[in-house]
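Both counts, for ligands and for their atoms, begin at 1 and track the order of listing.
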Amino acid sequence: MENKNSQNRLWLSPPHLNGSELNYIQDAINKNWVTTAGDNIVEFERSLQNFTDSKYVVALNSGTAAIHLGLILLGVKEGDEVICPALTFAATANPIIYLKASPVFVDSEEQTWNINPVLLKNFIIERLKINKKPKAIIVVHLYGQPALMNEIIAISKEFEIPILEDAAEALGSYFYYNSNKIMAGAGSEIGILSFNGNKIITTSGGGALLTNDKKLAEKALYLATQARDPLPYYNHQEIGYNYRMSNISAGIGCGQMENIENKVLIKRNIFEFYKNEFSKYSFIKFQPEPHGTYSNHWLSTILIEKNSGITPEILRLELEKKNIESRRLWKPLHLQPVFNDCRFYGENNVAENLFETGLCLPSGTQLNETDLQRISEIIKKFIQKNLIS
Ligand SMILES: *Cc1c(COP(=O)(O)O)cnc(C)c1O
């Protein structure tokens, strides 16, 4: 019988703690500052500010919390429409529902797999005709690949609809806008990051809200810390949230940020490795990186053409048999039972096709040359055995 654990398990994108995380945690404990205030939070926010070139950063306890607060700051209320990409993680859209607003899921384009600007514009024009202006546009940089931001920002400006940039997967990615280099998350009214365990850096769990608007940053901090008035007693005029990051988590983040540049380079090298290994197979395609964009390649993702005889699911099962974790692409949100009643705006089922043909390969920053060879050999062998030629 095959021993599943004869070789160590390779995970999709596990946490990688290799800096001075422990020193920062120790410092928090020594100073008895383990709550939602302290030096690590200040330091972590400052390092994110510098790295993303964003004026204000508010550290929070999840990326989802950051999206929730971001939508509140953009004025999203009950009954409003919020535009959201169809191909993303449910956490992008869930906060729309928290606010009793309605998501409208817009299909992907094929150049970056992100929200299609042509459909986005057509949808907005359609709604304006009946005087129903969408309240906000959520843009996601999927697997680290920046969306077509030049087109999307132009639409946002033309119709005066603000953007919330979900850069949960894209810390370290960037795009050019008017020949300026803009870091993912810092190119819109509001950006958000996630530091969940599998993201490019982690704080064990956490997120951040980015903005260049001082008032919005102050409001985010106020709402994230229970909306207390500055009075000697507890006084509240608004509903608040308990969304602030702890000083312990921020300490992990400080240690992680020491290596962010290196982590991006390693992720990009992993992507290049797979690309070279599979370049001889014309039916395998990689997530494109158009000119003027730079992806952190958080996850290396491939598409396997439908008539090749190999589906992402049988390849995933084969890798699983060999104790290697891979994962299907996000199942589009308009196909999720929980969003059954929500509107989908698309034409050619681009997101659905990406889901049906795509697979995320192991992309952890601790994968070494031997691990990568092991993954590649298994895939190549499997292809040779199963390919319809
Ligand atoms: C991970 C992720 C989130 C949610 O972040 P959490 O920190 O897990 O709450 C939101 N959007 C996208 C695209 C993500 O990948």
I'd like to check whether [X] has a polar contact with ligand 1, where a contact means an N/O of the residue lying under 3.5 Å from an N/O of the ligand.
X      : answer
Trp330 : no
Ala168 : no
Thr88  : no

[X] neighbourhood, listing ligand 1 atoms whose heavy-atom distance to it stays under 4.0 Å:
X      : answer
Ala91  : 3 (C), 4 (C), 10 (C)
Ser194 : 1 (C), 5 (O), 6 (P), 7 (O), 8 (O)
Gly206 : 7 (O)

Glu289-Gln145 side chain donor-acceptor pair, cut-off 3.5 Å: no
Sub-4.5 Å side-chain heavy-atom contact between Pro288 and Gln111: no
Electrostatic pair Glu313-Arg316, nearest N-O below 4.0 angstrom: yes
With Glu320, the salt bridge (Lys or Arg N to Asp or Glu O under 4.0 Å) member among Arg9, Arg328, Arg327: Arg9
Aromatic ring pairing His141/Phe175, orientation class (parallel under 30°, perpendicular over 60°, tilted between): tilted
Whether Phe105 and Phe339 hold their rings parallel, tilted or perpendicular, with breakpoints at 30° and 60°: perpendicular
Taking atom 14 (C) of ligand 1 as the reference point, the nearest protein heavy atom with its distance: Lys199 NZ, 3.3 Å
Protein heavy atom at shortest distance from atom 11 (N) of ligand 1: Asp166 OD2, 2.7 Å
Closest candidate by heavy atom, reference atom 9 (O) of ligand 1, pool Leu142, Thr64, Thr202: Thr64
Within 6.0 Å of CG in Asp27, more than 12 heavy atoms from elsewhere: yes
